[in-house]
Amino acid sequence: MSRILIVEDEAIIRSALKRLLERHDHRVSEAGSVDEALALDPQGFDLVISDLRLPGDPGTELVARVAPVPVLIMTSYASMRSAVEALKLGAVDYVAKPFDHDELLETVARVLHQRALQQGEPPDVTAPGGERQPMIGNCPAMQAVYTRIRKTAPADVTVLIQGESGTGKELVARALHQQSRRAAAPLVCVNCAAIPETLIESELFGHEKGAFTGASAARTGLVEAADGGTLFLDEIGELPLDAQARLLRVLQEGEIRKIGSVETRHVDVRLIAATHRDLHALSRTGGFRLDLYYRLNVMQIDLPPLRDREDDILEIADVLLEKACRRHEREGLKLSRAARRVIRDCPWPGNVRELENALERGVILAEGHLIHPDDLGIGPPPHAGAAPPAPPIPDDEPPASGGGERPDEEEEDLSLEDYFQHFVLEHQDQMSETELAQKLGISRKCLWERRQRLGIPRKKGPRRSTG
């Protein structure tokens, strides 16, 4: 059982975090400031979780004072700048508040696992990802993935992970990092599709004060923050060409140059990239640099979609259901036999992420102790490869109007998707991605994910130069 010290001045957040960690078999102590934490002999703990902004000294003050105990920093701003500064000062990782419970627990488990390895202790749970939340599944396709991870992780080469959205590409990247010689150094994860094109170069490579309008102070980039560790670039196919050229120099020369600077700086970073797109085909149309593709594709790991993992689907569903039940405090819920059958037969175009959302709905909507197909919001798969032949219509039954047999709910869903597609195609020439998302009442990330699911390409107009 691990001992964890929480340093947080807001009592509500502190007590909620304590309950969460204690439910997962950790012994937790609390402090409201750096001085209170130091009075509790923090070097006797396995992990310190501290808010960045505290009364008196900041949370980063603990990094040097409690070494070698790792310090995980919480920041109420989802600010890359404060997170990068915390990492530079020696924090083992950071989480942004309000934090996702599963993400926080996964980060805590990973940090504790790394500490156990450094102390020569066996990990609590051995798994392909080397963490308490292992990758799930034992079908032949996943066994091949595990083998490739085990062989590739120690080699310190660039890796390209390919797979559809929602298949768990970030889990593979974390497993590669944790089983590598860089496991004790930072893993910095960046979703290239979630950062505006005008900011991506600044976020990755940093900038000097006054480098462009709005650059009121110098900023360290995420590539530099990953120095000595691993940089994971998710959806690298969305990276603009200018940023691709800069990234190529990092891979070729191990050098970065901030926007607006004439000086270069050496960095030692292992790059792991992921995409759902065919980068080689994209390079033929000028959307991706061919030389960068060859640099990235030293080792490739292909993740199978959930529909090709029939033997794993119910096992994954059971694990995700248990998490959702804990999150909503509804322990004891089970899937009915009909629900299990529907889950097994559904094609899951959104993969594990879609399955997780369906189970979350089921936990919230279930009335008794069983979750039924209606609670999940899914029905029999409308398109599972080739459509099965329609059953003969009895003479006494009139044919369905319109040639379709979808229930009213499915027609309503379809009309919403039609509206989304129509709105985006009509307005994307006049609106930015941010404006489109605001008008639709969704986040930019959600807009991007719906574009991928519906096959609506992003309109790329002229871009302002930032350097």
Side-chain angles (χ1 to χ4, degrees), residues 1-8 13-14 17-18 20-22 24-31 33-54 57-75 82-97 99-125 127 129-133 173-189 222 225-232 270:
M1 183 178 290
S2 301
R3 293 192 66 208
I4 298 177
L5 174 60
I6 300 171
V7 188
E8 165 63 66
I13 297 176
R14 193 169 65 234
L17 185 53
K18 180 180 180 181
L20 174 67
L21 292 171
E22 286 180 339
H24 289 81
D25 301 324
H26 299 293
R27 289 164 54 200
V28 180
S29 298
E30 305 173 61
S33 66
V34 170
D35 289 341
E36 288 182 22
L38 294 174
L40 295 175
D41 186 20
Q43 290 186 323
F45 290 84
D46 298 299
L47 172 65
V48 174
I49 303 177
S50 176
D51 192 18
L52 180 63
R53 298 184 181 276
L54 294 167
D57 294 324
T60 48
E61 180 72 17
L62 289 167
V63 174
R65 304 285 292 273
V66 306
V69 177
V71 176
L72 177 64
I73 291 292
M74 299 182 292
T75 172
S82 59
V84 167
E85 291 303 318
L87 292 173
K88 286 175 64 181
L89 290 170
V92 68
D93 208 337
Y94 71 91
V95 289
K97 295 191 294 185
F99 42 76
D100 177 82
H101 285 188
D102 286 339
E103 183 180 348
L104 176 70
L105 290 170
E106 179 186 336
T107 302
V108 168
R110 174 168 48 80
V111 172
L112 291 172
H113 170 73
Q114 291 171 357
R115 178 168 168 78
L117 290 179
Q118 291 167 2
Q119 295 178 333
E121 302 170 1
D124 292 334
V125 177
E131 54 184 332
R132 291 187 69 123
Q133 187 208 337
R174 290 187 179 278
L176 287 166
H177 174 72
Q178 289 156 10
Q179 296 183 33
S180 74
R181 290 173 289 179
R182 300 173 181 260
L187 167 66
V188 177
C189 302
L222 296 174
D227 191 17
T230 305
L231 177 68
F232 173 52
R270 181 188 193 177

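The closest side-chain heavy-atom distance from L105 to T107 is not below 4.5 Å. In this structure, the side chains of L52 and T60 come closer than 4.5 Å at one or more pairs of heavy atoms. When side chains are defined from C-beta on, I4 does not count as touching F45, because their heavy atoms never get closer than 4.5 Å. Side chains of L72 and V108 form a contact here, defined as non-hydrogen atoms less than 4.5 Å apart.
Applying the side-chain contact (heavy atoms from CB on, under 4.5 Å) test to S180 and every residue at least two apart in sequence or in another chain returns H177, R182, R270. Partners of P70 according to the side-chain contact (heavy atoms from CB on, under 4.5 Å) rule, which considers only residues two or more places apart in sequence or in another chain, are L47, V92, V111, R115. Scored by the side-chain contact (heavy atoms from CB on, under 4.5 Å) test, R181 finds D156 as partners (sequence neighbours excluded). Legend: residues meeting side-chain contact (heavy atoms from CB on, under 4.5 Å) with A37, ordered by chain and number and at least two apart, are L5, V7, A31, L62. For E30, the salt bridge (Lys or Arg N to Asp or Glu O under 4.0 Å) partners two or more places apart in sequence, or in a different chain, are R14, K18. Taking the side-chain hydrogen bond (donor to acceptor under 3.5 Å, both in side chains) definition, one finds that D93 meets it with R110, sequence neighbours left out.
Atoms OG and CG, from S33 and L54 in turn, are 7.0 Å apart once rounded to the nearest 0.5 Å. Between atom CD1 of residue I6 and atom CG of residue L17 there is a gap of 3.5 Å, rounded to the nearest 0.5 Å. Note that CZ of R3 is 5.0 Å distant from OG of S29, once rounded to the nearest 0.5 Å.
Across all non-hydrogen atoms, the minimal contact from L231 to A226 is CB-CB, 4.1 Å. The minimum heavy-atom distance between M74 and D51, with the atom names listed, is O-OD1, 3.0 Å. The heavy-atom pair separating R174 from C189 by the smallest distance is NH2-SG, 4.0 Å. Pairing each heavy atom of A185 with each of G229, the nearest pair is CB-CA, 3.6 Å.
Judged by distance alone, the side chain of D57 and the main-chain N or O of V34 form no donor-acceptor pair under 3.5 Å.
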(request) Tell me, with the steps shown, if L104 and L20 meet side-chain contact (heavy atoms from CB on, under 4.5 Å). (result) CA-CA 10 Å; L104 176 70; L20 174 67; 3.9 Å; yes
(message) Set out, in order, the CA-CA distance, both residues' side-chain angles and the distance that settles side-chain contact (heavy atoms from CB on, under 4.5 Å) for L38 and L40, then state yes or no.
(response) CA-CA 5 Å; L38 294 174; L40 295 175; over 6 Å; no
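Of the charged side-chain nitrogens involved, none lies within less than 4.0 Å of a carboxylate oxygen, so that E22 and R27 do not count as a salt-bridged pair.
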